[in-house]
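A short worksheet on the structure shown next.
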Amino acid sequence: MAEQPKNKVEPLRAVKGMNDILPPTSAHWEWLEDKLRSLMRRYGYLNARTPIVEPTALFVRGLGEVTDIVEKEMYSFEDSMNGDRLTLRPENTAGMVRAVNEHALLHDGGKRLFYIGPMFRHERPQKGRYRQFHQAGAEALGYAGPDVDAELILMCRALWRELGLVEGRDVTLELNSLGQPDERNAHRAALIAHFEAHAELLDEDARRRLHSNPLRILDSKNPAMQPVIEAAPKLMDYLGAESRAHLDGLCAILDAAGLAYRVNPRLVRGMDYYNLTVFEWVTTRLGAQGTVCGGGRYDPLIAQLGGKPAPAVGWALGMERLLLLLEEAGVLPPPPPPRVYAVIPSAAALPQAFVALEALRAAGVAALMHPGQGSMKSQFKRADASGAQWALIFGDEELARGEVALKALRALPDGSQLPQRSLALAEVAAWASHLLHDNPAF
Ligand code: ATP
Ligand code: MG
């Protein structure tokens with residue numbers, strides 16, 4: 001092996017499980033974020049941005065002490081300035097509720113909010129599971145549902161459709177009701193009795209949770225425990241009339257909207273704050289990381305975090321997983337090419353080229369120029385490789401006449417090729433507005 005130079009500096013690397021998102025991939029993120037923002041706008045959800053760091057107590061109190069996240073996935077640390085216990089947010093419902101309470105946002109009625117941003121969980125990194133990942137989420141606070149539950153679920157369907165995903169093939173909806181606390185308590189007693197009677201079949205995790213959080217045993221992925229889980233009493237059988245009516249009300253809207261779903265009595269979700277409706281959008285196309293989006297109703301949470309009691313419901317989707325799924329389904333669009341590429345034969349033409357390009361960009365047209373001075377050949381090569389529709393050639397002769405040469409780099413959709421022509425510099429902005437209205441022949 002070749003000797004390393006003595007003074008070679010070790011390159012620094014990102015934290016394990018935390019990814020850089022760079023071109024060209026970042027274009028897919030922007031595309032997805034644009035789709036999300038447009039969707040939220042059309043459903044009346046307003047953007048809310050809360051800090052990435054929150055007091056640790058928020059998650060311990062909000063998510064529940066005996067949850068995977070709080071038990072083993074949080075990045076918690078002490079603020080070295082004052083000793084405060086802080087945590088990088090592992091999810092954003094608790095933070096949104098804290099902010100809503102802190103600013104009394106519900107004083108004049110319900111609020112529909114959304115967020116997009118990074119979350120942090122100390123998990124074993126693998127495909128679709130990272131330590132810094134991103135969620136987009138929607139929360140409807142102050143609404144008792146079930147109509148708003150349906151709205152949130154149909155919003156997801158609209159998103160899948162707009163992204164090019166197909167329900168049934170790429171994503172399917174699973175639903176359950178967790179009922180109300182008293183119903184869950186009755187079920188919980190039956191559940192503990194069932195698991196106690198079969199204690200020898202439980203793994204260590206399940207035994208530990210038997211009395212603290214038996215519902216979470218139903219969520220176990222341990223294959224050896226599936227038969228005893230399958231045979232366990234179902235919460236659905238313990239629901240009272242009101243909880244049933246809530247679920248029926250939701251299903252009636254989904255049925256009318258023609259959305260197929262599967263009621264999965266074992267769907268419990270990872271946080272303790274849920275009641276009534278819970279749902280997940282799952283895919284079979286991403287192996288073990290099959291949940292793309294999860295959500296549900298969390299009526300107790302607002303009061304649990306010190307606010308005036310009010311119902312609420314929401315969902316969060318994993319952006320990395322959704323992008324993996326979009327890639328798998330082959331529906332990620334290529335990055336949008338510039339419309340115009342400037343070819344500049346001599347440095348003397350630069351000032352006029354700048355004036356023209358600024359006019360194009362101000363009119364809304366994406367226009368690139370060759371950085372530095374390349375030969376005409378290499379500039380045309382780059383212009384072609386950029387995918388631009390048009391080259392603007394700032395030749396000396398044309399410029400002397402107050403013109404620029406306009407060359408179509410691609411054939412029209414019907415296969416015909418436009419001849420090169422000249423364009424008055426004074427007309428560049430007008431030409432740009434025709435371009436934007438898709439009049440390529442102009
Ligand atoms: P899982 O069962 O896969 O661990 P979860 O129940 O912990 O998921 P939620 O807390 O409901 O997930 O988060 C909502 C969504 O965020 C998930 O459905 C998933 O798409 C995404 N997500 C959760 N954890 C991660 C992670 N570590 N890396 C990437 N995406 C994640
Ligand atoms: Mg998890």
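Keep in mind that the numbers below use all heavy atoms, side chains included, and drop hydrogens, waters and symmetry copies. Both counts, for ligands and for their atoms, begin at 1 and track the order of listing. The structure displayed is predicted, hence computed values, not measured ones.
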**Message:** Assess, by modelled atom type and distance only, whether the side chains of Thr277 and Asp149 contain a donor and an acceptor separated by less than 3.5 Å.
**Reply:** yes
**Asked** Regarding Arg129 and Gln289, is there a side-chain donor-to-acceptor distance under 3.5 Å anywhere?
**Response** yes
**Request:** Using the ring pair (Phe, Tyr, Trp, His ring centres under 6.0 Å) rule, take Tyr298 and Tyr273 through it: C-alpha gap first, then chi angles, then the decisive distance, then the call.
**Result:** CA-CA 5 Å; Tyr298 51 92; Tyr273 50 56; 5.7 Å; yes
**Asked** Looking only at N/O atoms, are Leu317 and ligand 1 under 3.5 Å apart anywhere?
**Response** no
**Prompt:** If hydrogens are left out, which of Arg129, Gln289, Arg131 has an atom nearest to atom 3 (O) of ligand 1, that is, the closest non-hydrogen atom?
**Reply:** Arg129
**Prompt:** Counting from 1, what ligand 1 atoms have a heavy atom of Val292 closer than 4.0 Å?
**Reply:** 18 (O), 20 (O)
**Request:** Answer whether the closest heavy-atom distance between the side chains of Gln135 and Leu317 falls below 4.5 Å.
**Result:** no
**Fill in**
Nearest heavy atom to atom 26 (C) of ligand 1, choosing from Trp281, Phe133, Trp315, Phe120, belongs to Phe133
**Prompt:** Just distances here: any N/O of Glu320 and N/O of ligand 1 closer than 3.5 Å?
**Reply:** no
**Message:** Counting only nitrogen or oxygen atoms and a 3.5 angstrom limit, does Arg121 reach ligand 1?
**Reply:** yes
**Request:** For residues Gln389 and Val340, determine if any side-chain heavy atom of one lies less than 4.5 Å from a side-chain heavy atom of the other.
**Result:** no
**Prompt:** Got a sec, which pairs hit ring-ring contact (aromatic ring centres under 6.0 Å, His included) with one end in residues 132-159, sequence neighbours left out?
**Reply:** Trp29-His134
**Message:** Could you work out, for atom 21 (C) of ligand 1, the closest of Gly295, Pro90, Gly318, Gly137 by heavy-atom distance?
**Reply:** Gly318
**Complete:** Applying side-chain hydrogen bond (donor to acceptor under 3.5 Å, both in side chains) to Arg208 and not counting sequence neighbours gives Glu71, Asp205
**Item:** Within reach of ligand 1, part of Lys221 (heavy-atom separation under 4.0 Å)
**Value:** side chain
**Asked** Any idea which atoms of ligand 1 are less than 4.0 Å away from a heavy-atom of Gln135?
**Response** 13 (O), 14 (C), 15 (C), 16 (O)
**Item:** Ligand-side contact atoms (ligand 1) for residue partner Glu123, heavy atom cut-off under 4.0 Å
**Value:** 24 (N), 25 (C), 26 (C), 27 (N)
